[in-house]
There are 4 protein chains.
Amino acid sequence: MSTSQESGMGDMGSDAVVAKEASGGLSTPPTPKGRDARRRLLEAGEQLFGEQGYAGTRVSDITEAANLSPGAFYRYFKDRHELLLVLLTEMLDRAFDFARARWDDNHPTESVQRTTERYLEFYDLNRAMMGVMVEMAQNDEEVRSVWRQSRTAFYTRIGRALTRGVTSGAIRSDIDVEVAAELLGSMTEFYAFQRYALDGDALKDVPPVEVATTLAELWTRGVASK
Amino acid sequence: MSTSQESGMGDMGSDAVVAKEASGGLSTPPTPKGRDARRRLLEAGEQLFGEQGYAGTRVSDITEAANLSPGAFYRYFKDRHELLLVLLTEMLDRAFDFARARWDDNHPTESVQRTTERYLEFYDLNRAMMGVMVEMAQNDEEVRSVWRQSRTAFYTRIGRALTRGVTSGAIRSDIDVEVAAELLGSMTEFYAFQRYALDGDALKDVPPVEVATTLAELWTRGVASK
Amino acid sequence: MSTSQESGMGDMGSDAVVAKEASGGLSTPPTPKGRDARRRLLEAGEQLFGEQGYAGTRVSDITEAANLSPGAFYRYFKDRHELLLVLLTEMLDRAFDFARARWDDNHPTESVQRTTERYLEFYDLNRAMMGVMVEMAQNDEEVRSVWRQSRTAFYTRIGRALTRGVTSGAIRSDIDVEVAAELLGSMTEFYAFQRYALDGDALKDVPPVEVATTLAELWTRGVASK
Amino acid sequence: MSTSQESGMGDMGSDAVVAKEASGGLSTPPTPKGRDARRRLLEAGEQLFGEQGYAGTRVSDITEAANLSPGAFYRYFKDRHELLLVLLTEMLDRAFDFARARWDDNHPTESVQRTTERYLEFYDLNRAMMGVMVEMAQNDEEVRSVWRQSRTAFYTRIGRALTRGVTSGAIRSDIDVEVAAELLGSMTEFYAFQRYALDGDALKDVPPVEVATTLAELWTRGVASK
DNA sequence: GATGAATGAGCATTCATTCAT
DNA sequence: CATGAATGAATGCTCATTCAT
């Protein structure tokens, strides 16, 4: 019989995406003053990239918002692009951890629902940067790469849960687990993307909880009436 | 009893997205020479936007590829952005028509599978422009708008099929049809997006047909074993 | 017996240094207007590089002097550096032709003197750009290269004259013709350089003609009294 | 009768160029630690200016190579330019001393040869900084000045030797001693410059000794066969 | 219809130098 | 003595767009 366990979806967790910031600027300034400046740049970058997109944000916008001179930026980041990568990498790492929820093999529907809620919540909170990531992925191999790694980590986690479900008999054994994991993950991710990033949540009066419920239902039982 | 009918998924089709090109350039040049020039610009634009993204494609790249001088561009399009919109609009219209498949209420799984296959095929063929659309949607309300209309048309079509299924008893009546339609559509769309536009199809050895099958299965029966 | 002949010093002439300007901008604009603009940029560049050095001359200085907008520059030259190369190449070609003088094997001293006078005259006229060339040669391999080719052409020409002199018995046969050619050419070149480019001619009250005479004497008879 | 004497070429030597470093930084720091830091900066500067040119060398490059923080530089030198001047001045002083050789009025050819060998050797050793000096002379009056003073010292030394030679009858009295001195010095200097600084010694298989011999021959006897 | 010359705003980045600690 | 954070002026280059021919 299956047991309730912590993080049934796997633990590729925190190191799924490797930090990458050594190249140009100081990732860990030696003095408190420096660390503070770096932090302010990070915050300003997230804010502005989110509001105006990557292309629409000038380095000088960022330094201004961080109360620094233009030149100071380059002490901490090689260029605008490196700042973006740091921001995205950190966000994806947080997403992976955030969406991790207690998984109960005996109640897969509820488990999916819980995870989905968490995911939607995170997406809602980070919708702006998610949009930036999508924007950039098209022409930027590095962004594509960090995103791909993150998705892979998610799909792997889902795949493990499915596999365990197949073993325990809770999940049908006639489906391609890997493909199913990608499809199910895609369903959640793109729903979130279009709801929060693309449509700006404007017309959606359906509460996320209900979406999570429906999604969990579809996940586990499909649309068939029997 | 249910009947087999053309386009069970709805018919918001061709006029779902309204052509929009009257503002600046001649959408239908009077002379054959002019029509040819315009066509060449359209082709060059699709080619280059797809290869290098919108931001990475200069007007002069396009006119060069179309064997025209830079100035000539503005006889046919108000600006670079209008060309993009024309291209996207036409593509989305074609997508909607292309993915339309005979729908059999008695065999929903097969119907979904057929439609999905068509959709993936279209996406594969137009992956480059799909990527451009995603890139642009982030910061461009007009692009967001044409895309949203297109998605809405799709979801509506799916929703109608679900409603008909509920009526006929083939589909569970306890789900939110609208949300379900969005989720199911999202699953397909994002899978296609990440497979073709983001990952470049590189590592995918699973044939699209199999994906369509799995997806149709999940659609109709979910993952639950019983 | 030796004969008087045209250009006894050789004829590596006009193609000693190959023009190189195809890379970035239009070396030959199709319209007269364009050709005129390019010419104005060339003239302004020569003027300003000469007056303020390469490093001290901004592209905007040049376009301003040429009555053009900053952007226009790049229609005709890839960048500031290409303009410099065009200017230097053309100047060195002219120098080689300019310094060519009728050479009389029976009167080597007079021949050297004539050539030297011409050379000094040319240097005087082009002192500014000569200085720029020297400035740039230190860190710019391309400049070094065009200069080296030009010097080589000169030394070869001198070497031929010496060889012919050896054959005719007018020149000692116990010297290394090649080394001698380099040394003799160096003497002239550096004298000109320090006189015109470095010292600005300020303190020199010795007329060039006298210098040419002395140099020709040293050339042919050295300093020994008998 | 002529006598063999030390440094027949004159002794404007060591003080020909006045040290100039009082303005901004400590030319002689009080503590051993400070003296060491200053020395390291000097060494790093010579190294880097030589390798990358003046324009290509940042203050931070120098301080980094010297294991100091950027700010520390300004304790020892007013600015980057002052460091250069100190370096050049010292080098030119050393050059003047180094090239000094025993002069024998009875054997002028050998004396010239010896001096030339020494000069070429020094140039070879200091080619990098020589190149920097040439680079800078174009636009920097101070550099021009220290160089001019150094050359003048050399030419004066040569001129004295010539004058003495005229007096003793070893040298023709019909030449302009001053001009001849400049020309002869130029010949050596520019040969060295183009050989070591410009062409990088790459293609030169003629050993310096042979060059010195040929040069001494040309110097004393010219190219005329009798 | 087409050309190509001209525009000029826009922006990332560098680096010598200063200064608080 | 030394550090390292901060400055901010300076500038080359791009490219969408206009317009005279």
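Labels below follow one simple rule: chain letters A, B, ... track the order of the sequence lines, proteins then strands, and each chain is numbered from 1.
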(message) Only Watson-Crick and G-U wobble pairs with both distances less than 3.5 Å should count. Give DNA chain F in dot-bracket notation, marking inter-strand partners with |.
(response) .||||||||||||||||||||
(message) Does E:dT7 have OP1 or OP2 under 4.0 Å away from a side-chain N or O of C:Ser69?
(response) yes
(message) The criterion is salt bridge (charged side-chain N to carboxylate O under 4.0 Å, His left out); which residues satisfy it with A:Asp36, sequence neighbours excluded?
(response) A:Arg39, A:Arg40
(request) Calculate the interatomic distance between D:Glu64 atom CD and E:dC15 atom C1'; express it in whole Å. (result) 13 Å
(message) For a quick test of reading the model: is some side-chain N or O of A:Tyr76 closer than 4.0 Å to OP1 or OP2 of F:dG4?
(response) no
(message) So for atom CD, which belongs to B:Glu64, do other residues, nucleotides or ligands contribute more than 12 heavy atoms lying within a distance under 6.0 Å?
(response) no
(request) Check salt bridge (charged side-chain N to carboxylate O under 4.0 Å, His left out) between A:Arg80 and all other residues, then give those that pass, not counting sequence neighbours. (result) none
(request) Write down the distance between CG (A:Leu83) and P (E:dT13), rounded to a whole number of angstrom. (result) 11 Å
Enumerate, atom names and distances included, each donor-acceptor pair closer than 3.5 Å involving a side-chain atom of residues 45-54 of chain A, sequence neighbours excluded.
from    : atom 1 : to      : atom 2 : distance (Å)
A:Gln47 : NE2    : A:Glu51 : OE2    : 2.3
A:Tyr54 : OH     : A:His81 : N      : 3.3

(request) Please step through salt bridge (Lys or Arg N to Asp or Glu O under 4.0 Å) for the pair D:Arg148 and D:Glu141, ending with a clear verdict. (result) CA-CA 10 Å; D:Arg148 187 184 307 120; D:Glu141 175 49 34; 3.8 Å; yes
(message) Less than 4.0 angstrom between a side-chain N/O of C:Thr31 and OP1 or OP2 of E:dA5, yes or no?
(response) yes
(request) Quickly work out the A:Phe77 CZ to F:dA5 P distance and round it to whole Å. (result) 13 Å
(message) Output one letter per nucleotide in nucleotides 16-21 of chain E: B when a protein non-hydrogen atom lies under 4.0 Å from the base, S when only the sugar-phosphate is that close, - when neither is.
(response) SBBB--
(request) Provide, to the nearest angstrom, the distance between the CZ atom belonging to A:Arg39 and the P atom belonging to F:dA5. (result) 15 Å
(message) Students often get this wrong, so: under 4.0 angstrom with heavy atoms, is D:Pro30 touching a base, only sugar-phosphate, or nothing?
(response) sugar-phosphate
(request) Under 4.0 Å from any atom of DNA chain F, heavy atoms only: list the residues of residues 45-53 of chain A that qualify, in numerical order. (result) none
(message) Can you measure B:Asp61 atom CG to F:dC15 atom C1' for me and round it to whole angstrom units?
(response) 10 Å
(request) Starting from C1' on E:dA6, measure out to CZ on C:Arg35 and report it in whole angstrom. (result) 17 Å
(request) Using the P atom on both, measure F:dT21 against E:dG1 and round to a whole Å. (result) 22 Å
(request) Measure the distance from CG on C:Asn67 to P on E:dA5 and round it to the nearest whole Å. (result) 17 Å
(message) In whole Å, I'd like the distance from the CZ atom of C:Arg75 to the P atom of E:dA5.
(response) 4 Å
